[in-house]
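Presented below is the structure to which this report refers.
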Amino acid sequence: MAYFNQFPKTLYTFGNQFESTVFTDISIFTEIIDEVKNTATVYQEYNVIDNMRPDQVSYELYNSPDFYWTFFLLNDNIREQGWPLDD
């Protein structure tokens with residue numbers, strides 16, 4: 001858990017608790033990703049064919065199934081709605 005030592009702490013109230021707890025603010029990571037995404041100048045539009053999995057699209061675009069995570073990282077729609085499913 002040493003990775004999270006660099007993240008700031010915040011007060012957070014869990015569930016029905018009345019008192020706040022000091023907790024690691026992991027949302028800071030999202031802000032960094034959004035900054036990188038907003039400065040990215042190279043992208044390729046791609047229409048996902050029904051029933052294709054993220055690893056298959058990664059292989060088709062990059063000749064490797066290992067880069068599927070970039071779709072979720074840089075695409076707000078996929079992050080909010082999930083991977084496209086069949087009709």
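Along the sequence shown, residues carry numbers from 1. This one's a predicted model, so the numbers in the text were calculated from it and none came from an experiment.
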Report task. For F71, enumerate each residue passing the ring pair (Phe, Tyr, Trp, His ring centres under 6.0 Å) test, keeping only those at least two apart in sequence or located in another chain. Result ->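 Applying ring pair (Phe, Tyr, Trp, His ring centres under 6.0 Å) to F71 gives W83.
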Query raised in the report: Quick one: ring pair (Phe, Tyr, Trp, His ring centres under 6.0 Å) partners of Y59, sequence neighbours excluded?
Result: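 Testing Y59 for ring pair (Phe, Tyr, Trp, His ring centres under 6.0 Å), a comparison that skips the adjacent residues, returns none.
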Query raised in the report: With sequence neighbours left out, what residues match D55 under salt bridge (charged side-chain N to carboxylate O under 4.0 Å, His left out)?
Result: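 Here the qualifying residues are R53.
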Query raised in the report: Among pairs that include at least one residue of residues 10-19, which meet side-chain hydrogen bond (donor to acceptor under 3.5 Å, both in side chains), considering only residues two or more places apart or in two chains?
Result: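 Qualifying pairs, neighbours excluded: T13-S20.
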Query raised in the report: Who passes side-chain hydrogen bond (donor to acceptor under 3.5 Å, both in side chains) against S64, sequence neighbours left out?
Result: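 Listed in chain order: D66.
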Report task. Check side-chain hydrogen bond (donor to acceptor under 3.5 Å, both in side chains) between E60 and all other residues, then give those that pass, not counting sequence neighbours. Result ->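 Checked E60 against side-chain hydrogen bond (donor to acceptor under 3.5 Å, both in side chains); matches are Y46.
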Query - Residues T21, L11; criterion side-chain contact (heavy atoms from CB on, under 4.5 Å); working and verdict - result: CA-CA 5 Å; T21 304; L11 290 176; over 6 Å; no
Query - Minimum heavy-atom distance K9-T24, with the two atoms named - result: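 Closest pair (atom of K9, atom of T24, distance): NZ-OG1, 3.0 Å.
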